[in-house]
There are 2 protein chains.
Amino acid sequence: MRVVSWNVNSLRRRLPRVLGLLERHEPDLLCLQETKVSDDEFPHQDFHDAGWEAVVHGQRTYNGVAMVHRRGEQLEDVQRGFPGDPVPEEARVLVATFRGVRVANLYVINGQEVGSEKYERKLRWLDALQAWLAEALAPADPWLLVGDFNVAPGDEDVWDPEVWRGRIMFSEPEHERLERLMGLGLEDLYRRVHPDGRDFTWWDYRGGAFHRKHGLRIDLALGTPPVARRCRDVAVDRDERKKGAWEVGPSDHAPLVVDLED
Amino acid sequence: MRVVSWNVNSLRRRLPRVLGLLERHEPDLLCLQETKVSDDEFPHQDFHDAGWEAVVHGQRTYNGVAMVHRRGEQLEDVQRGFPGDPVPEEARVLVATFRGVRVANLYVINGQEVGSEKYERKLRWLDALQAWLAEALAPADPWLLVGDFNVAPGDEDVWDPEVWRGRIMFSEPEHERLERLMGLGLEDLYRRVHPDGRDFTWWDYRGGAFHRKHGLRIDLALGTPPVARRCRDVAVDRDERKKGAWEVGPSDHAPLVVDLED
DNA sequence: GTGAACCGGG
DNA sequence: CCCGGTTCAC
């Protein structure tokens, strides 16, 4: 089965590209972040008309996550947010069971700048996420965490680690949190299949970062062993970040395509 | 020769439709109002590439007028603003001689609401315009005044005169000013060729006014006798106010197409 | 650089 | 209802 994760930076703006991605990749499950749309304004009809159904956890202006699956299939035990979330008013987490796999769709706090108030909130939020998953997740169970983690795991995941070291998305406290999370028994599926891969998933809109290949790999897929064993490929749809013939520009993130053996 | 007048409500936004209009109507002179663009940001290149040249008198955000003619032809004695303008910082008037006709491209102050401070400014501005034209214009000379007058001349120029009487664009003091202006020897060219015409040129964006035919004729072409005699037709391009297959929506004004015998 | 919200202007 | 500017977030 195929799971795609994509930070769309406004679903309403990106809708034609999202529908195009569904046609192009034919995922079984699409996890969206930064939908920036409240649940009552979610474009359910457009997905329905194209043969899909969406489970949403959104808000106006900021954040917002959603999971899209084929009509006829079901998401089970849907959970919005997580117990202990220090900012439960922000729609950042959507969890559901799909074909027996517990899938968590995450949009981690960005943190703006190391040392800022928002950065401290990011660390505390990751601590709370850790506490919840330590409780909820057993390594023997099939779990898949996907989304925008707003942390690049290692030196190979940043276009220039010396430029980025200590900065937001690449600071030691953030790395500690990510490593602690993976200590629960989660493996970075992209790195598993591409030990020397240099694919990025995010490029700043400014300064021609995409063209200059100044990217970061901050969109991740983490799996417990039962899921990691099934992982055949993880690929970045870098073309989606290009302008293309769409009536709307690209998101600043590229979709992450995860293929698991059935 | 054909002169088109159009309040575009932002030239940058409406540029594709303006270029389309040039192709569709092939005017000899296009007078634009509410370009809302400063002279250094005017899209000269786009007009040049399509075979046209623009003489501009613009500002950022508000107002702004421009005159577009074929490359190779010239506008002579270009005048920006007029002597005695009480608000010379607002780009509302552009005058130039084209093929021997003195053409004044006007964007009259809207006035917001009868009795308001802006309404009083509108009346004083029309008084100043009158004083200048009384000085500058002789009825024996070929003059053509076009643009957004923000005044509907008579009952036939308003979808419901009883609703509009006394309101902005249809108040007695505004009518006095317009009649006094025409007293200089100017004729309403649309009314000359269509004595019983009921074409409107502006419809509020709100409340489906266009669809309900709730319009006003506030975009005018006034001519001295030497020009009026040459007038063959004045038509409103109502189709331009429709949505169409353009990538941008319409202006709230429709273009006015004036045909003069050569 | 891009998006959404809010505001003033029409 | 639409446009431009501003502010804020990322």
Side-chain angles (χ1 to χ4, degrees), chain A residues 7-15 17 33-38 41 58-64 90 92 107-114 116-119 121-122 148-151 167-169 201-212 214 216 218-219 241 243 246 248-253, chain B residues 7-15 17 33-38 41 58-64 90 92 107-113 116-119 121-122 148 150 167-169 202-212 214 216 218-219 241 243 246 248-253:
Chain A
N7 178 321
V8 288
N9 189 13
S10 173
L11 176 60
R12 274 174 303 190
R13 180 60 59 128
R14 220 69 61 201
L15 187 57
R17 299 185 77 126
Q33 303 92 37
E34 278 205 273
T35 54
K36 294 185 177 180
V37 65
S38 58
E41 285 188 279
Q59 68 181 93
R60 214 181 145 87
T61 316
Y62 301 119
N63 315 312
E90 300 188 0
R92 296 182 172 278
Y107 174 49
V108 175
I109 291 175
N110 171 283
Q112 196 151 33
E113 202 179 346
V114 170
S116 69
E117 179 58 51
K118 282 168 187 166
Y119 178 72
R121 266 186 47 216
K122 179 180 191 174
D148 176 1
F149 284 71
N150 270 318
V151 183
R167 292 179 50 187
I168 195 68
M169 301 191 273
T201 66
W202 173 84
W203 302 261
D204 198 305
Y205 277 127
R206 288 162 288 192
F210 180 71
H211 184 74
R212 298 162 70 189
H214 287 186
L216 273 67
I218 57 178
D219 298 87
R241 179 58 234 252
K243 287 274 162 195
W246 299 98
V248 283
S251 166
D252 46 350
H253 292 253
Chain B
N7 178 321
V8 288
N9 189 10
S10 173
L11 175 61
R12 273 175 302 192
R13 179 62 60 127
R14 219 71 60 201
L15 187 58
R17 299 185 78 126
Q33 303 92 38
E34 277 206 272
T35 54
K36 293 186 177 178
V37 65
S38 59
E41 285 188 279
Q59 68 180 93
R60 207 182 147 89
T61 316
Y62 301 118
N63 316 312
E90 300 189 359
R92 296 182 172 277
Y107 174 49
V108 175
I109 291 174
N110 170 283
Q112 195 149 36
E113 202 179 346
S116 70
E117 179 57 51
K118 282 168 187 166
Y119 178 72
R121 267 187 45 219
K122 179 181 192 174
D148 177 1
N150 270 318
R167 291 179 53 186
I168 195 69
M169 300 190 275
W202 173 83
W203 301 260
D204 199 306
Y205 277 127
R206 289 162 286 190
F210 180 70
H211 185 72
R212 299 161 71 187
H214 287 187
L216 272 67
I218 57 177
D219 298 88
R241 180 57 236 251
K243 287 275 163 197
W246 300 98
V248 282
S251 166
D252 46 350
H253 292 253

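Residue numbers start from 1 in every chain, and the chains themselves are labelled A, B, ... in the order their sequence lines are given, proteins ahead of strands. Because the structure is predicted, anything quoted here is derived from the model rather than measured. Only this structure's heavy atoms are used, side chains among them; waters, hydrogens and symmetry mates stay out.
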Rounded to whole Å, please give me the gap between [atom1] in [X] and [atom2] in [N].
X	N	atom1	atom2	value
A:Phe149	D:dC10	CZ	P	18 Å
B:Arg13	D:dC1	CZ	P	17 Å
A:Gln59	C:dG3	CD	C1'	14 Å
A:Tyr119	D:dA9	OH	P	19 Å
A:Ile218	D:dC10	CD1	P	12 Å
A:Glu41	C:dA5	CD	P	7 Å
A:Glu113	D:dA9	CD	C1'	13 Å
B:Leu11	D:dG4	CG	P	10 Å

Would you please confirm or rule out a distance under 4.0 Å between OP1 or OP2 of [N] and any side-chain N or O of [X]?
X	N	result
A:Arg60	C:dA4	no
B:Lys243	D:dC2	yes
B:Arg14	D:dC3	yes

Within the sub-3.5 Å range, which N or O atoms of nucleotides 7-10 of chain C have a protein N or O partner, and how far apart are they?
| unit_1 | atom_1 | unit_2 | atom_2 | d |
| --- | --- | --- | --- | --- |
| C:dG10 | O3' | B:Asn110 | OD1 | 3.0 |
| C:dG10 | O3' | B:Asn110 | ND2 | 2.0 |
| C:dG10 | O6 | B:Arg206 | NH1 | 3.3 |

Shortest side-chain distance from B:Arg12, nucleotide among C:dG3, D:dG4, C:dA5 =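 Nearest listed nucleotide: D:dG4.
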
Backbone N or O of [Y] within a donor-acceptor pair of the [X] side chain at under 3.5 Å?
X	Y	answer
B:Arg92	B:Asn63	no
B:Arg60	B:Lys36	no
B:Arg121	B:Gly111	no
A:Tyr205	A:Asp252	yes
B:Asn150	B:Val108	yes

Supply the atom-to-atom distance B:Gln59 CD to B:Thr35 OG1, rounded to the nearest 0.5 angstrom.
->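 Those atoms lie 8.0 Å apart.
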
State the CD-OG distance between A:Glu34 and A:Ser251, to the nearest 0.5 angstrom.
->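 OG of A:Ser251 is found 7.5 Å from CD of A:Glu34.
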
